[in-house]
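Order of the sequence lines fixes the chain letters, A, B, ..., with proteins taken first and strands second; residue numbering starts at 1 for each chain. Computed from heavy atoms alone, side chains included, the values below leave out hydrogens, waters and symmetry copies.
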Amino acid sequence: MPYAEAVPHLGNFVGSILPADVYFKYLKMKGEDAIFICGSDQHGTPIELKAIKAGITPDQLSNEVHEKIKKVMERSGCTFTYYGKTHSESNKLTVYEIFESLRKNGYIVETEDTQAYCSVDDRFLSDRFIIGTCPYCGYHDARGDQCENCGHLLNPQELIEPYCAVCGNKKLEFRKTKNLALDLEALSGEIKAFVESHKRNNWTKNAINKTLSYLEQGLKPRDITRNIKWGFPVPLKGFEDKAFYVWFDAVIGYIGITREWSESQYLNYWKDPEAKLIQFMGKDNLEFHTMMWPGILIGAGREYVLPHTIKVFEYLNAKGVKFSKSKGVGLNMEGAVELLPSDYWRFALMYLLPETSDTDFSIEEFIEIVNKVMNDKIGNLVNRVLTIYGANRGMISGSEAEAASISKAKSIISEYIAEFDAINMRNALHKVIGLSELGNEVMSSTEPWKLAKAEDANSKKEFSKIMVSLRQIVYDLGIMLWPFAPDAASKILDYFGVDAQPKIKMLENVPDIDTGKPPKAIFSKITEKERKKFEKYIDS
RNA sequence: AGCGAGGUAGGGUAGUCUGGAGUGCCCGCCGGGCUCAUAACCCGGAGAUCAGUGGUUCAAAUCCACUCCUCGCUACCA
């Protein structure tokens, strides 16, 4: 779920929403009863602080950003079953219900801490609400949690001459305060058993190893409430002036948002023991999803399904720098879809999907993927097949295909399905590319343009068989491309008169090509001019 | 510092879990083919002590140990 502070950048998109959308589209192709739930994560300190600075309420700010994100994600070709938000009545209800269960089951404990207090604003200040001079580098605008200049992690007490970020008050007190925490220590045995029993379900290596290593080191209770005004108020005596901590209501938001989508249907999914919850995220979200989220669900009494698969991706970096919303580094999705069709981003980002290690995003590589892979391999193949097919329409008869190429195509298709079933989406994408390569190979080795000119019956028959095979390959390509590049896939399928959402089972029966539609390029290359525009975004 | 992840031809990557000839992909380079197609496409080739050292094994990129380098996380950023 994107944090509703700003529009997601490429790194956010590639690590969570895009793979989820691609996989969801595949599930729909298979005809599975799947829903794709996502939403804006609205609570927390950064949003509250940003809203105060902007002179609006956090509610307003996060709702405005939420609307923007929703629009951009739709423009990026994402087809959510529902895109909701965490600051909703449905989520609030769900958070309260789960909190109550956790409390009843004895997993909520009290913690005490010392925290800065501003008497002018009459509030406790989160670390980020305190500004001062960094004791390590002397930077004047260091925050209480970290110095942005030297990167040192800080305690608010370390800051020299700290002041309140809201009102500038320099007379801060440090007071004791109580919070509620989830007793992860008590739950750690069950969390470990959960990870052990689920890790074979296509979890990524980092998700398994990092989690087991945390568990090995031992978990401590972790706060679920904070002295903050923005969030759901805590419904417990003595804690009414506090709000739930954003991570708590964000993960519960998966349920809450499904509930917001459909009060009558959400439990059909969340309480179905056969349901599989599959989650995609960047590595910064790992511990929330592999430990705390299962911990919440287990502690609340295992009423809801626990994650079946957790896919944790590494970072996509821009020129070695992490894309950052707050620092304004890199390209956000709004700029991206403004610049180029969403299919290009979807395809290229899935191609670059940082599965095992951080990956650099460079313009050169992106352009290479679009121009060389999408255009030259896939786009060009479609075009050349359609052209030769249309020009020799009368010579193609029956459905007899050239056996060798069809059997190769079939094995690529089954590999594609196997990769997708194992949620290895980048590998699945390579199978799509592989199929286009097969098409190009068949073309070169059989030279149908020569056969088309021949007079003898044998050549004519051979030509027909080859074109039937190529027709099959292009059609299959249109279907298989759909999760990655839905617009381009629709363009290909349109030549076959198909305008419905593709299904895996459609791969078997190829309709004839509608030669009334002249072949048009389904992709076009990124020009020098577009490249220049592009560089403006990346260079910062 | 602790923990996690990476280090594979000139560049970028996959393969590592589950050991089987350095096997694959993209770019670049060299040679050839083709002219249906988007100056594209196809075939062949050169190029790698698989970070290093030691070990296990009939066999190691893959398993084990140690070392070096890069990135990330370390609990009030989410």
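- With B:rU38, B:rA78, B:rC42 as the choices, the nucleotide that has an atom nearest any side-chain atom of A:Ala521 turns out to be B:rU38.
- Here the nucleotide nearest the side chain of A:Ser213, chosen from B:rU38, B:rG4, B:rA14, is B:rG4.
- Rounded to the nearest Å, the gap between the C1' atom of B:rA46 and that of B:rC63 is 34 Å.
- Not one side-chain nitrogen or oxygen of A:Arg222 sits closer than 4.0 Å to the OP1 or OP2 atom of B:rA78.
- The residue A:Asn380 sits close to a base: some heavy atom pair falls under 4.0 Å.
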Pick out the pairs of N or O atoms, protein on one side and nucleotides 68-71 of chain B on the other, that lie under 3.5 Å.
from	atom 1	to	atom 2	distance (Å)
B:rC71	O2'	A:Asp358	OD2	2.3

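- The phosphate of B:rA78 has OP1 or OP2 within less than 4.0 Å of a side-chain N or O from A:Thr45.
- The separation between A:Asn375 atom CG and B:rC26 atom P is 16 Å, rounded to whole Å.
- OP1 or OP2 of B:rU35 has at least one side-chain nitrogen or oxygen of A:Lys450 nearer than 4.0 Å.
- Nucleotide B:rC25 has B:rG12 as its partner under the Watson-Crick or G-U criteria, with both atom distances under 3.5 Å.
- Taking a pair to require two hydrogen-bonding distances under 3.5 Å in either a Watson-Crick or a G-U wobble arrangement, B:rC3 pairs with B:rG72.
- Cation-pi geometry between A:Arg143 and A:Phe129 is not met: the NZ or CZ atom fails to fall both under 6.0 Å from the ring centre and inside 45° of the normal.
- With C1' as the reference atom, B:rA9 and B:rA61 are 14 Å apart, rounded to whole Å.
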message: The test is ring pair (Phe, Tyr, Trp, His ring centres under 6.0 Å); show your working for A:Phe484 and A:Phe420 and say whether it passes.
response: CA-CA 12 Å; A:Phe484 301 100; A:Phe420 249 127; 5.6 Å; yes
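- Checked for salt-bridge contact, A:Asp113 and A:Lys178 miss the test: no charged N lies under 4.0 Å from a carboxylate O.
- Counting only heavy atoms from C-beta on, A:Met443 has its side chain closest to B:rC36 among B:rC26, B:rC36, B:rU38.
- Ring pair A:Phe232/A:Phe244: centre-to-centre distance not below 6.0 Å.
- Using a 4.0 Å heavy-atom distance criterion, A:Asn209 is classed as a sugar-phosphate-only contact.
- With both ends at atom P, the span from B:rU57 to B:rG44 equals 41 Å, rounded to whole Å.
- Following rounding to the nearest Å, A:Glu437 (CD) and B:rC27 (C1') show an atom-to-atom distance of 14 Å.
- Considering only side-chain N and O atoms, A:Lys453 lies under 4.0 angstrom from the phosphate OP1 or OP2 of B:rC36.
- Between the CG atom of A:Leu381 and the P atom of B:rU38 there is a distance of 13 Å, given to the nearest Å.
- Between A:Ile367 atom CD1 and B:rG11 atom P there is a gap of 22 Å when expressed in whole angstrom units.
- Side-chain N/O atoms of A:Tyr245 include one lying less than 4.0 angstrom from OP1 or OP2 on B:rA78.
- Under the 4.0 Å criterion applied to side-chain N and carboxylate O atoms, A:Lys220 and A:Glu185 are not assigned as salt-bridge partners.
- Of the inter-residue distances, the one linking A:Tyr351 atom OH with A:Glu365 atom CD reads 8.0 Å to the nearest 0.5 angstrom.
- Between A:Lys520 and the phosphate of B:rU38, there is no side-chain N or O to OP1/OP2 separation shorter than 4.0 Å.
- If you check B:rG44 for Watson-Crick or wobble pairing at under 3.5 angstrom, you find it paired to B:rC30.
- A:Tyr214 comes within contact range of the sugar-phosphate backbone alone, with a heavy-atom separation under 4.0 Å but no base atom that close.
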Which atom pairs, one a donor and one an acceptor, fall under 3.5 Å between side chains of residues 432-444 of chain A and the rest of the protein, sequence neighbours left out?
from	atom 1	to	atom 2	distance (Å)
A:Ser436	OG	A:Ile433	O	2.7
A:Glu437	OE2	A:Lys377	NZ	3.1
A:Asn440	OD1	A:Arg384	NH1	2.8
A:Asn440	ND2	A:Lys377	O	3.4
A:Asn440	ND2	A:Ser436	O	3.3
A:Ser444	OG	A:Asn440	O	3.4

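- The same atom, P, is picked in B:rG10 and in B:rA51; the two are 14 Å apart, to the nearest Å.
- Between B:rU35, B:rC73, B:rU13, one nucleotide has an atom nearer to the side chain of A:Trp449 than all others, and that is B:rU35.
- Shown here, B:rG54 forms a base pair with B:rC64; the pair counts as Watson-Crick or G-U wobble because both key distances fall under 3.5 Å.
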Worked verdict on A:Phe248 versus A:His43 for ring pair (Phe, Tyr, Trp, His ring centres under 6.0 Å): CA-CA 10 Å; A:Phe248 186 71; A:His43 295 142; over 10 Å; no
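- When heavy atoms are screened at a 4.0 angstrom cut-off, A:Asn424 is found touching no nucleic acid atom at all.
- Searching all strands for a Watson-Crick or G-U wobble partner of B:rA78 with both distances below 3.5 Å returns nothing.
- For a distance-only test at 3.5 Å, the side chain of A:Asn383 fails to qualify as a donor-acceptor partner of the base of B:rU38.
- The distance from atom CD1 of A:Ile363 to atom P of B:rC27 is 19 Å, rounded to the nearest whole Å.
- Contacts of A:Glu447 with the nucleic acid, taken as non-hydrogen atoms under 4.0 Å apart, involve only primed sugar atoms and P, OP1 or OP2.
- Nearest nucleotide to the side chain of A:Arg226, out of B:rC77, B:rC25, B:rC43: B:rC77.
- Listed nucleotides B:rC42, B:rG72, B:rU38 differ in distance to A:Lys210; the shortest reach to its side chain belongs to B:rG72.
- Closest to the side chain of A:Tyr3, from the set B:rC43, B:rA78, B:rU38, is B:rA78.
- Two rings, from A:Phe13 and A:Phe313, have their centers 6.0 Å or more apart.
- Using a 4.0 Å heavy-atom distance criterion, A:Phe523 is classed as a base contact.
- In this structure, the separation between SG on A:Cys38 and OH on A:Tyr83 is 5.0 Å, given to the nearest 0.5 Å.
- Across all strands shown, A:Gly379 has heavy atoms under 4.0 Å from base atoms, whether or not it also approaches the sugar-phosphate.
- In this structure, the NZ atom of A:Lys377 is 22 Å from the P atom of B:rC36, given to the nearest Å.
- When Watson-Crick and G-U wobble pairs are counted only if both distances are under 3.5 Å, B:rC17 pairs with no nucleotide at all.
- Taking the six-membered ring where the residue is Trp, A:His198 and A:His308 present perpendicular rings, their angle passing 60° and hence far from 30°.
- Atom P of nucleotide B:rG11 and atom CD of A:Glu368 are separated by 15 Å, given to the nearest angstrom.
- Between A:Asn206 and A:Asp223, it is A:Asn206 whose nearest contact on RNA chain B lies nearer the 5' terminus.
- Base pairing annotation: B:rU35 forms no Watson-Crick or G-U wobble pair, as no partner gives both donor-acceptor distances under 3.5 Å.
- Closest to the A:Pro46 side chain, of the nucleotides B:rC77, B:rC36, B:rU38, is B:rC77.
- When each of B:rA5, B:rC41, B:rA78 is scored by its nearest atom to the side-chain atoms of A:Glu314, the top-ranked nucleotide is B:rA5.
- For the OP1/OP2 pair of B:rA14 and a distance below 4.0 Å, the side-chain nitrogens and oxygens of A:Arg426 include at least one atom meeting the criterion.
- The side-chain tip of A:Lys283 points at the ring of A:Tyr315 from less than 6.0 angstrom away and within 45° of straight on.
- Atom CG of A:Asn285 and atom P of B:rC73 are 12 Å apart (whole Å).
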